[in-house]
Amino acid sequence: MENAYKLLLSCPSGLSPSQVSVNFDVSFDRVPHPDIDLENSIAEIWEQRVQKSTSLFNGKKFRYGGHYGVETHVCLHLGLTDYRTFVGTNLNPLWEKFIVPSEDDCEQCQHTSSPLGNGAVVETSDNKILVLQRSNNVGEFPGYLVFPGGHPEPEEVGIVSHEFENELQNSELTNSKVSQEMFDSIVREVVEEIGVHAVTLSDPVFIGISRRVLNVRPTAFFFIKCNLLSTEIQQLYSSAQDGYESTKLYTIQPSELENMSSRMPGCHRGGFELYKLMLEAGKN
């Protein structure tokens, strides 16, 4: 169960920014849970976490509220949530109590924060894949292997609330900004976490969304090519690395990654599956 994932969306042909749109709307926000005690546990858990770690801060995140579309064009439905609610719902020891029994994904997760994370399968010029070992300081999955990634950030595009959406013109502008942030943010994450310069990276293509079964955490995955050799990237990583998020960079043949994927969180195992589906589609 722990490492299982579900693919919510697969785009094996790889979508460019013009093929991915966003509908950012308050209707995709989280629905409070009717059980008051459960709902109150969100604040209690956050207080406990803040007391243990003074470096925690509550930032805004985009909430995954589903998608609409076909293989050649996808519209992501995004609401607004924050890190505090994520810690208090998805990361709550009682997270399963927030889940609604339903075949419909969005209904099932309507009471969870479900911030949309991002991850990149980065291929080097000598055809290896970049994988990081998470440090022991991080809140989720310390010591596990992951693809570089993080989150698209609402604050990067000036969003702190839903207040501007009522005006049609503004909402269209907001939607296009958010859609661009999906692609910009993954490049930022790769640059920050690996130490490569953005000019060495191809434009990212969107390959789908995977969700881990454990605490229903969704992550959007992208494919990026880097025009450097794995040895050059290792050197950049060792000089750029701050050691807080990750302690080691592996450059791995895709076939070897198959054996290591059991050491990845479920959402990243799903990301590897999305990458394999993309390779498969490329062959056909």
Side-chain angles (χ1 to χ4, degrees), residues 1-9 23-67 76-119 134 137-142 144 146 149-155 159-163 165 178 209-220 264-270:
M1 152 90 179
E2 189 196 356
N3 291 317
Y5 59 86
K6 179 176 185 180
L7 298 186
L8 300 181
L9 172 63
N23 182 0
F24 174 68
D25 193 83
V26 68
S27 63
F28 305 121
D29 283 10
R30 173 183 168 268
V31 177
H33 199 282
D35 178 336
I36 298 299
D37 292 337
L38 192 59
E39 192 63 18
N40 288 343
S41 73
I42 297 173
E44 289 158 20
I45 283 178
W46 179 249
E47 283 311 310
Q48 290 162 12
R49 284 284 294 269
V50 170
Q51 279 165 9
K52 276 189 200 153
S53 165
T54 48
S55 62
L56 271 188
F57 74 98
N58 184 24
K60 295 283 183 201
K61 301 286 174 229
F62 289 112
R63 180 179 185 275
Y64 175 69
H67 64 270
L76 301 177
H77 295 166
L78 300 179
L80 204 54
T81 184
D82 57 26
Y83 188 66
R84 171 183 175 272
T85 315
F86 171 56
V87 168
T89 58
N90 295 77
L91 299 189
N92 190 321
L94 304 174
W95 68 271
E96 285 170 284
K97 292 197 169 181
F98 284 96
I99 305 298
V100 177
S102 167
E103 289 299 302
D104 181 272
D105 286 308
C106 297
E107 196 177 330
Q108 197 185 356
C109 299
Q110 62 181 309
H111 302 308
T112 60
S113 165
S114 300
L116 185 61
N118 62 17
R134 282 169 75 74
N137 305 323
V138 292
E140 279 184 275
F141 290 95
Y144 274 65
V146 291
H151 295 88
E153 302 288 351
E155 282 148 6
I159 293 174
V160 286
S161 70
H162 282 290
E163 62 182 307
E165 279 164 48
V178 174
I209 297 175
S210 131
R211 187 175 73 200
R212 67 172 182 247
V213 170
L214 176 75
N215 66 40
V216 294
R217 170 79 151 107
T219 305
M264 292 182 137
C267 41
H268 284 254
R269 288 180 74 173

Please assess V178 against L78 for the test side-chain contact (heavy atoms from CB on, under 4.5 Å), listing each intermediate value before the final yes or no. CA-CA 9 Å; V178 174; L78 300 179; 3.8 Å; yes

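Contact check for Q110 versus V100: side-chain heavy atoms found under the 4.5 Å cut-off. Residues I209 and L76 have side chains in contact (heavy-atom distance under 4.5 Å, counting atoms from C-beta outward). Side-chain atoms of T89 and F98, non-hydrogen and from C-beta on, do get closer than 4.5 Å to each other. P142 places none of its side-chain heavy atoms less than 4.5 Å from the side chain of R134. With contacts defined as side-chain heavy-atom distances shorter than 4.5 Å, the pair L8/S210 does not qualify.
Sorted by first and then second residue, the salt bridge (charged side-chain N to carboxylate O under 4.0 Å, His left out) pairs involving residues 56-67 (not counting sequence neighbours) are K61-E153.
Residues C106 and G65 approach most closely at SG-O, 3.4 Å, considering heavy atoms. Contact detail for G119 and T219: the closest heavy-atom pair is N-CG2, 3.8 Å. The minimum heavy-atom distance between N58 and R84, with the atom names listed, is OD1-N, 2.8 Å. Nearest heavy-atom pair across P218 and S114 is CG-O, 3.8 Å. The heavy-atom pair separating W95 from N90 by the smallest distance is CB-O, 3.5 Å. The minimum heavy-atom distance linking C267 with R212 is given by the pair N-CB, 3.2 Å.
Residues passing the ring pair (Phe, Tyr, Trp, His ring centres under 6.0 Å) test with H111 are H33, sequence neighbours excluded. Applying the ring pair (Phe, Tyr, Trp, His ring centres under 6.0 Å) rule to H77 yields the partners F28; only residues at least two apart in sequence or on another chain are considered. Contacts of F62 classified as ring pair (Phe, Tyr, Trp, His ring centres under 6.0 Å), with partners at least two apart in sequence or in another chain: F24. Residues forming a side chain to side chain donor-acceptor pair (under 3.5 Å) with R30 (at least two apart in sequence, or on another chain): E39.
If you take CG on L116 and CZ on R211, they are separated by 12.0 Å, rounding to the nearest 0.5 Å.
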Report all side-chain donor-acceptor pairs from residues 41-51 shorter than 3.5 Å, counting only partners two or more places apart or in another chain.
residue	atom	partner	partner atom	Å
S41	OG	L38	O	2.5
S41	OG	N92	ND2	3.1

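In this model, a donor atom of one side chain and an acceptor atom of the other lie less than 3.5 Å apart for D25 and S27. A donor atom on one side chain and an acceptor atom on the other are found under 3.5 Å apart for S113 and T81.
A donor-acceptor contact shorter than 3.5 Å is absent between the side chain of N215 and the backbone of L91. No donor-acceptor pair closer than 3.5 Å links the side chain of N118 to the backbone N or O of A220. The closest donor-acceptor contact from the side chain of D29 to the backbone of G79 lies at 3.5 Å or more, if one exists at all.
Note: Y83 and F86 have tilted aromatic rings, judged against thresholds of 30 and 60 degrees for the angle between ring planes.
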